Each structure stands twice: as structure tokens, then as C-alpha cells.
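All of these numbers come straight from a predicted model, not from anything done at the bench. For reference, positions follow the sequence shown, starting with 1. Hydrogens, waters and symmetry mates play no part in the numbers below; they use all other heavy atoms, side chains included.
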Amino acid sequence: MSSAATAIFSKVLSFLVSIIFAVSGVVSPVLSQQVKPKDEKSLQLSFATLSDTHINESAARAAMLSQGFRDLDGNVDAIVAVGDMTDHGEREQFQSFYSCVKKEIKSSTFIPVVGNHDTWTEETKVKKPTSEFIRAYNSYSKKDIEKPYYTRKINGYTFITISSEKDDVKAYISKTQISWLDKELKTASKSKKPIFVFCHWPINGVCGQMKIDPDMAMGKQSSQIKKILEKYKNIFYFCGHVHAGLRGEISEKLFGNKSIETINGVHYINLPSYMFFNIDTWKAKSGIDIISGCGYIAEVYKNEVVLRARNYALGYYIPVYETTIKLVK
């Protein structure tokens, strides 16, 4: 299948599925499973992650996103959107995205992360779309961030978002931000609790990125950030960007990569695209799952973190991709 045909097929499939959500607005009770931790009494923190929602002017896409938010709100402590919230970083698209957030997320804390589609646009009048991310987030949260990277605390756990600082597809992370990241990690590590880092771009080569698409790497600063992450214990790095679907043991045996892997003590989690069918997986021979509407819920316990794959749009867990990571002392 040619790249052009693949792109068209992906869009058609995504459109058809999102239409189902827009028309029905309900989930089959046969499939539906309420978001519920494996051990509610021992749970210390839970949060959901999703990436690549690519909201534009489509009401069907907004309906599909709202369906996922409804599945999660109040059932997890936080919901993290790990980049590419919008299709082109334009004000109207951020407004559409946050209208879903405001309508559906009432109890959980919402944490947004910048993606490449949030930092460039085809609209020539928009010169600095990164500023639109900051404006939209400050308007929603009533906060006053000045940079597209920041730290938040949820239930005593540290959430660190890092971001590209140029309006371009490729990530650029300044020396100032890299130094800031190191300081934030050093401070957070004093608690002896796991630390959760979110960046739309994968560290170069993790989770099969080079096999899936060599152009999808973070860029020149990747090695510096990787070294900083490796200085600390119990670091979990969530990323998106490559649209490679959910990949587990079968993908690892067949193609040598999976969605979750640990390298030099750092745990990397590559999220599937929420909005699109992940058929780049076929093209790159990196896995077999093409389901959209999915992400990972992290359940944090005293001695371990359980990462549970879930289809938020249809409301059910996918146990075959579940991973438990023991914390080190």
C-alpha cells in the first residue's frame, strides 16, 4: 500500500469510527467496563494518558474525544493529553479541544502537553502557535504559565511536562529547559516516589521508534535528556507521536519492539494515537493492533506501578497489554 493510499485509508477508517460515536453517544453494555483500579484500597494515585487527538473542525472527532473524557472523569486523579491535541495549533482548534475538556472533565485534574501539531500551522497569519497553547491552557486552568513546560503535583507525586520550544515539526529543547528538567527531577527525587515525565516526542530509538519511522525522533537534545533521566530512580517517560498502536509481547517477538520498555532503569511508554487508526503499525511492520480510542491508565501503589491499556472510547480494558513495573528503593 502506498503512503498516499495508507493516509487516505487511515482517515476514512478514523472518520467512520468517529461517526459511530457522534451518532450513538453510547457504549455497548457488552463491552463496557467501568474504570476501576485492581486494588482500590492500596491505590495511591491513578492517571490516564492519551495522545494524538488531533482535534480540528470535525464534530465527529470532538464527540469521540468527549466519549473518552466521560469514561475517565472522576475515575482517575488526572488525565494527561500527551501532545497533538489539535491538528494545526490554531485558536479555533484549541477552543474546540477545551470545550470538550470543560464539558466532560469535572473532577479529574487535566494536564496538557505540547505536540508538534500544536506548534505549527498552515495558517500563515499565525506566527507563533506555541503561544496559543499557553493562552488556551492559562484560560482554562486560571494559571499563568509563561513557558510550554511546567511541573504539577498530584497526590504528592510529581508530573513534569517537557516541550519543544520552536514552532516546527522537529523538537527543539533549549539548554535552559534541560537544566530546569534536571533541577525538577533532583527536587522530586527527594520524596523517593516515582516521577512521571511527559513529552510528545519519544527519546531517540525507544519503543521501536527507529524501526517505525526514523523521522519521528525527538532530535539533537535527545541524548542529553536521556542521560538526565537515567540519573534518577523510578522515572516513567510517556510519549506519543509515532502512531504505532498498542504493542506487546507478540510485537516484540515478531518485530523487536513494544509500547513499554525499560532502558538503563528508565521506563518508557509510547502511547497509540487516540484519534486515528494506527495503521502505520502495518506499514512499519511494528505490530498488529489498529484500534483507536486507546491509551494507558497508570495505577500507582507503594511498591509498583501497573500500566493498564484501555479503550476509553468504547470503555473496556485490554489485558494483553497490561504491564506491572516494580519500583526500586
Heavy-atom check, side chain of Ile173 versus side chain of Trp180, under 4.5 Å
no
Beyond-backbone contact of Glu261 with Val206, side-chain heavy atoms, under 4.5 angstrom
yes
Determine which pairs satisfy salt bridge (Lys or Arg N to Asp or Glu O under 4.0 Å) with at least one residue from residues 146-157, sequence neighbours left out, and list them in order.
none
Establish, from distance only, whether the side-chain atoms of Gln44 and Tyr157 form a donor-acceptor pair under 3.5 Å.
yes
Is [X] reaching over with its side chain to a backbone N or O of [Y], donor-acceptor style, under 3.5 angstrom?
| X | Y | value |
| --- | --- | --- |
| Glu132 | Gly89 | no |
| Ser108 | Gly74 | yes |
| Gln177 | Ser163 | yes |
| Tyr274 | Met64 | yes |
| Ser66 | Ala63 | no |
| Lys143 | Ser139 | no |
| Ser51 | Leu271 | no |
| Asp52 | His241 | yes |
| Lys233 | Lys192 | no |
| Asp84 | Asn116 | yes |

What is the distance from atom [atom1] of [X] to atom [atom2] of [Y], rounded to the nearest 0.5 Å?
| X | Y | atom1 | atom2 | answer |
| --- | --- | --- | --- | --- |
| Ile235 | Ser189 | CD1 | OG | 7.5 Å |
| Ile203 | Leu229 | CD1 | CG | 5.5 Å |
| Ile162 | Leu181 | CD1 | CG | 5.5 Å |
| Ile269 | Thr49 | CD1 | OG1 | 8.0 Å |

Is the shortest distance from a Lys or Arg side-chain nitrogen in Glu322 or Lys38 to a carboxylate oxygen in the other one below 4.0 Å?
yes
Is the closest basic N to carboxylate O distance between Glu230 and Lys227 below 4.0 Å?
no
Measure the acute angle between the ring planes of Tyr140 and Phe110, then classify it against the limits of 30° and 60° as parallel, tilted or perpendicular.
perpendicular
So among Tyr237, Phe236, Trp201, Tyr296, which one has a ring-ring contact (aromatic ring centres under 6.0 Å, His included) with Tyr268?
Tyr237
Remaining members of Val328's ILVMFWY cluster at a side-chain heavy-atom cut-off under 4.5 Å?
none
Tracing side-chain links under 4.5 Å among I, L, V, M, F, W and Y, which residues wind up in one group with Val306?
Leu43, Tyr301
Taking ring-ring contact (aromatic ring centres under 6.0 Å, His included) as the definition, give me every residue that meets it alongside Phe69, ordered by chain and number, with sequence neighbours left out.
none
Residue pair Tyr312 / Cys294: nearest heavy atoms and the distance that separates them
CE1-C, 4.1 Å
For Asp73, what residues pass the side chain to side chain donor-acceptor pair (under 3.5 Å) criterion, not counting sequence neighbours?
none
Kindly indicate, with the supporting measurements, whether the criterion side-chain contact (heavy atoms from CB on, under 4.5 Å) is fulfilled by Lys226 and Met218.
CA-CA 11 Å; Lys226 185 172 181 288; Met218 173 182 286; over 6 Å; no
Group every Ile, Leu, Val, Met, Phe, Trp and Tyr by side-chain heavy-atom contacts under 4.5 Å, then state whether Tyr172 and Tyr150 land in the same group.
no
Pairs satisfying ring-ring contact (aromatic ring centres under 6.0 Å, His included), at least one member in residues 35-60, at least two apart
Phe47-Phe159, Phe47-Phe196, Phe47-Phe198, Phe47-Phe238, His54-His117, His54-His243, His54-Phe276
Please lay out, stage by stage, how His200 and Asp118 fare under the test side-chain contact (heavy atoms from CB on, under 4.5 Å).
CA-CA 10 Å; His200 183 65; Asp118 302 316; over 6 Å; no
Does the side-chain hydrogen bond (donor to acceptor under 3.5 Å, both in side chains) test come out yes or no for Tyr316 and Asp71, once each step is laid out?
CA-CA 9 Å; Tyr316 64 90; Asp71 179 59; over 6 Å; no
List the steps, then state whether side-chain contact (heavy atoms from CB on, under 4.5 Å) holds for Leu185 with Lys231.
CA-CA 9 Å; Leu185 287 169; Lys231 289 169 59 177; over 6 Å; no
From Leu246, Ile260, Val242, residue fulfilling side chain to side chain contact (heavy atoms under 4.5 Å, CB included) relative to Asn270:
Val242
Please assess Asn138 against Ile145 for the test side-chain contact (heavy atoms from CB on, under 4.5 Å), listing each intermediate value before the final yes or no.
CA-CA 7 Å; Asn138 285 341; Ile145 63 170; 3.2 Å; yes
